[in-house]
Number of protein chains: 4
Amino acid sequence: MRARTFTESGRRAQIVTAAIEVIAEGGFAKASFSRIAKRAGLSSTGMISYHFAGKDDLLAACVAEIEQVMRAFMEPRIDAAEGHVGQLRAYIESNVAMVGEHPAEVRALIDLVKNAGSRSEAVNGRLTLFEQHFRTGQKAGAFRPFDTRAVALAFTAGLDAVVATAAAEQTGPAELARLGRELADLYVRAAAPETKGER
Amino acid sequence: MRARTFTESGRRAQIVTAAIEVIAEGGFAKASFSRIAKRAGLSSTGMISYHFAGKDDLLAACVAEIEQVMRAFMEPRIDAAEGHVGQLRAYIESNVAMVGEHPAEVRALIDLVKNAGSRSEAVNGRLTLFEQHFRTGQKAGAFRPFDTRAVALAFTAGLDAVVATAAAEQTGPAELARLGRELADLYVRAAAPETKGER
Amino acid sequence: MRARTFTESGRRAQIVTAAIEVIAEGGFAKASFSRIAKRAGLSSTGMISYHFAGKDDLLAACVAEIEQVMRAFMEPRIDAAEGHVGQLRAYIESNVAMVGEHPAEVRALIDLVKNAGSRSEAVNGRLTLFEQHFRTGQKAGAFRPFDTRAVALAFTAGLDAVVATAAAEQTGPAELARLGRELADLYVRAAAPETKGER
Amino acid sequence: MRARTFTESGRRAQIVTAAIEVIAEGGFAKASFSRIAKRAGLSSTGMISYHFAGKDDLLAACVAEIEQVMRAFMEPRIDAAEGHVGQLRAYIESNVAMVGEHPAEVRALIDLVKNAGSRSEAVNGRLTLFEQHFRTGQKAGAFRPFDTRAVALAFTAGLDAVVATAAAEQTGPAELARLGRELADLYVRAAAPETKGER
DNA sequence: TATGAATGAGTATTCATTCAT
DNA sequence: TATGAATGAATACTCATTCAT
């Protein structure tokens with residue numbers, strides 16, 4: 001059962017896209033099945049229930065879809081960067097830059113993260129990604145010793161907040177680039193080792 | 001007219017307390033009048049509407065109540081600190097420490113802040129407080145030059161995230177103190193001026 | 001989209017019928033969704049909201065339905081009459097006669113007209129119909145000169161009152177015919193030209 | 001019990017006045033106890049329930065109060081008129097003229113009459129007044145023979161409609177006088193005997 | 001008298017979900 | 001697959017009335 005191909009089957013993808021748009025525009029709270037169905041061009045909410053086990057399932061599919069888009073955008077940029085510090089910087093800057101390219105996805109994801117909370121794998125996934133990066137970076141001397149979990153939490157939440165505000169204000173690409181550098185500077189300094197680091 | 005005493009009159013206060021508890025436990029989304037009424041021991045939601053002009057009014061009363069509690073706890077600690085850096089540190093540490101004293105209030109406020117968004121005065125109030133502190137600190141040479149708005153956003157959101165997680169996990173006071181210092185260190189380093197950079 | 005057939009689709013028509021009955025029996029004020037749902041044999045008010053955009057929509061559908069019934073009954077009788085005076089008489093007599101055939105519709109419409117007031121197209125439609133009829137009749141010498149608006153108001157309201165009372169008292173067809181003639185006489189005399197008119 | 005003086009005791013009168021204003025402005029439907037209490041400067045609806053046995057009681061008191069005002073205005077004018085026709089004319093003209101003097105009372109009464117329906121004594125009182133006037137007038141040869149009840153219904157309802165529209169449109173006194181004459185003409189002609197009458 | 005509080009039923013509307021076709 | 005219909009609970013809010021003080 002449910003052996004779906006990697007890319008969502010037609011209708012499913014269509015519904016997910018509609019849901020993301022609805023969330024991006026009206027927020028998580030107003031993302032009802034009927035609104036999503038209307039946006040998807042469906043005449044009834046029944047089809048959503050048919051394709052998804054429930055609201056949580058649909059939301060999870062949205063998160064998965066958005067993450068894929070984000071990964072496609074951010075991963076090359078992060079991989080191109082060198083060193084732990086460089087990669088941290090690349091993550092932050094490319095994340096902020098995404099607002100210019102995929103504003104709906106970014107807005108929707110932040111809303112989903114806020115409301116899904118710690119139940120979501122996606123949220124925890126990003127957290128552990130940061131933590132692991134910090135731990136290996138600390139071993140390599142790129143970062144000073146600190147509570148990796150707390151800092152991962154603070155960094156991701158701060159990043160989300162800046163990104164959300166930028167998205168809400170329809171910031172232009174140049175300003176986004178500046179914001180990204182600003183935030184990257186902030187975090188790099190916060191994580192930098194006492195003396196001289198990898199950088 | 002309506003000159004209510006400083007501390008809320010009996011029932012109003014009782015309802016506000018119940019609302020805060022409900023929000024703290026189930027989140028903003030599940031904080032319906034019926035749940036709050038049940039928690040407050042009221043036989044109907046009508047009484048809430050009797051005491052408050054509407055949901056926004058009740059929520060505003062919750063925010064006001066929580067802020068009062070927070071101010072009572074944090075202000076003396078912040079005032080006792082010296083210098084821009086010291087006060088920033090005191091703000092962060094006392095905010096994290098509050099989780100041990102008033103966990104429900106803290107959790108509820110964070111949820112309210114997340115969902116009220118930029119409409120709320122309270123949220124913007126904290127933001128501008130941070131911004132002003134940063135600006136005067138920059139003039140005094142205590143902080144390096146940075147985008148005060150972006151950093152204020154990142155700091156407050158990060159602080160909230162750490163606090164929310166700590167609240168959810170019922171962290172003990174010793175661990176809270178450590179977390180506060182950790183986060184304060186992080187932010188102080190991030191905002192520290194170039195010179196003498198450990199960098 | 002939404003190209004409904006001329007006669008309402010099953011459930012919609014059923015709800016409209018129920019609403020008309022409820023209004024006819026308890027008046028506009030007591031025509032709540034729950035009463036209508038109960039009368040229509042529906043388990044919840046949700047179905048009404050499913051079929052109609054809101055209360056106004058349902059009420060408008062009721063008016064439309066009733067007007068259709070009235071037109072089907074009255075139009076042939078009016079068209080069969082000759083001259084401005086004859087048609088005025090036919091309008092009044094057929095309107096009163098309707099009470100015998102469709103008492104619920106008549107009672108409901110009068111209540112709707114009273115409460116919808118001047119907002120409704122239907123009300124104003126009848127008024128302007130009367131006014132235009134008066135104006136052309138005046139030019140043709142069938143009616144004396146008078147304030148067409150004021151007289152249209154007085155005539156329609158008086159007609160409604162007589163009809164409403166007749167409906168409430170479940171008057172028989174013979175008595176209705178007499179009432180119709182009586183009222184037609186009254187209005188024809190009131191509108192008749194000074195000397196000898198068309199009549 | 002309930003031996004009240006002729007003019008309402010202070011608070012009662014105050015509440016009645018407030019109720020009339022509220023009905024005149026927002027219509028019967030929006031005339032809730034809370035709105036009336038607010039308008040009357042009362043801090044709770046409890047006082048209304050204390051002074052009146054229920055909503056119907058309050059409404060009846062409003063009708064009584066308005067009728068007294070109307071009688072004070074109209075009766076002298078009617079008594080000054082001579083003959084059955086003259087008095088009919090005086091009734092109509094003074095009723096329309098009242099809109100200029102007591103718009104709130106007029107608007108409220110019409111709304112009350114519409115919604116109270118035939119239950120109210122006041123409504124039936126006016127009806128029987130008209131009927132009796134018609135009957136004696138018919139005997140005196142001032143009016144042609146007609147169904148006194150039906151005509152009384154039609155006349156009063158038509159009068160109300162014209163008055164209500166005039167009140168809603170804030171018609172000036174000159175136009176009101178013209179409207180009154182227009183309507184009086186209409187009704188006098190409608191009731192006039194075949195040949196030459198008293199007139 | 002007057003207040004403030006309380007009640008319980010009532011309002012329209014929205015929701016996710018189910019199901020027969 | 002897809003639709004349209006149906007359900008029943010939930011939403012915030014208003015209502016007239018009652019009652020202790």
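Chain letters run A, B, ... following the sequence lines, proteins first, then strands; residues in each count from 1. Keep in mind that what you see is a predicted model, and the values were worked out from it rather than measured.
Contact annotation: Arg11(A) reaches the phosphate of dA2(F) (side-chain N/O to OP1 or OP2, under 4.0 Å). In terms of phosphate contacts, Arg35(A) brings a side-chain nitrogen or oxygen within less than 4.0 Å of OP1 or OP2 of dC15(E). Listed pair His51(B) / dG4(E) fails the phosphate criterion, with no side-chain N or O lying under 4.0 Å from OP1 or OP2. Here Tyr50(B) reaches the OP1 or OP2 of dA5(E): one of its side-chain N or O atoms lies under 4.0 Å away.
The distance between atom CZ of Arg12(B) and atom P of dG4(E), rounded to the nearest whole Å, is 14 Å. The NZ-P distance, from Lys38(B) to dA9(F), rounds to 13 Å in whole Å. In this structure, the CG atom of Asp57(C) is 12 Å from the P atom of dT14(E), given to the nearest Å. With rounding to whole Å, Ile36(A) atom CD1 is found 12 Å from dC15(E) atom C1'. Distance, Ile48(A) CD1 to dC19(E) C1': 17 Å, rounded to whole Å.
Scanning all heavy atoms of the two residues, the minimum distance from Phe28(C) to Leu59(C) falls at CE1-CD2, 3.7 Å. Residues Ala24(B) and Arg107(B) approach most closely at O-CD, 3.9 Å, considering heavy atoms. When all heavy atoms are compared, the tightest approach of Ile23(B) to Ala31(B) is CG1-CB, 3.6 Å. For Leu112(D) against Val63(D), the heavy-atom pair with the smallest separation is CD1-CG2, 3.8 Å. Contact between Arg35(C) and Val22(C) at its shortest, heavy atoms only, is O-CG2, 4.0 Å. Taking both residues in full, the closest heavy atoms of Ser44(D) and Gly46(D) are given as OG-N, 2.8 Å, listed atom of the first, atom of the second, then distance.
Side-chain contact between His102(D) and Ile20(D) is absent, with no heavy-atom pair separated by less than 4.5 Å.
Between the base of dG8(F) and the side chain of Ser44(C) there is a donor-acceptor pair shorter than 3.5 Å. For Thr45(B) against dC13(F), a side-chain-to-base donor-acceptor contact under 3.5 Å is present.
Distance from the side chain of Met47(D) is smallest to dT3(E) among dT3(E), dT17(E), dT7(F). Of all nucleotides listed (dT13(E), dC13(F), dT17(E)), dT13(E) comes nearest to the side chain of Lys55(C).
In terms of position along DNA chain E, the nucleotide closest to Leu42(B) lies nearer the 5' end than the nucleotide closest to the other residue of the pair Leu42(B) and Ala53(C). Between Gly46(C) and Gln14(B), the one whose closest nucleotide on DNA chain E sits nearer the 5' end is Gln14(B).
For DNA chain F, no neighbouring residue in residues 18-34 of chain C is found when judged by any heavy atom under 4.0 Å.
Comparing the axis of the opening five pairs of the helix from dA2(E)-dT21(F) to dT21(E)-dA2(F) with that of the closing five pairs yields an angle of 20°, rounded to 10°.
Residue-level contact check: Ser43(D) touches the backbone only, with heavy atoms under 4.0 Å from sugar-phosphate atoms and none from bases.
Atoms NZ and CG, on Lys114(D) and Asn115(C) in that order, are 6.5 Å from each other to the nearest 0.5 Å.
In Lys38(B), the NZ atom is not crowded: 12 or fewer heavy atoms of neighbouring residues, nucleotides or ligands sit closer than 6.0 Å.
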Q) Can Ile36(B) and Leu42(B) be said to form a side-chain contact (heavy atoms from CB on, under 4.5 Å), step by step? A) CA-CA 9 Å; Ile36(B) 294 168; Leu42(B) 297 170; over 6 Å; no

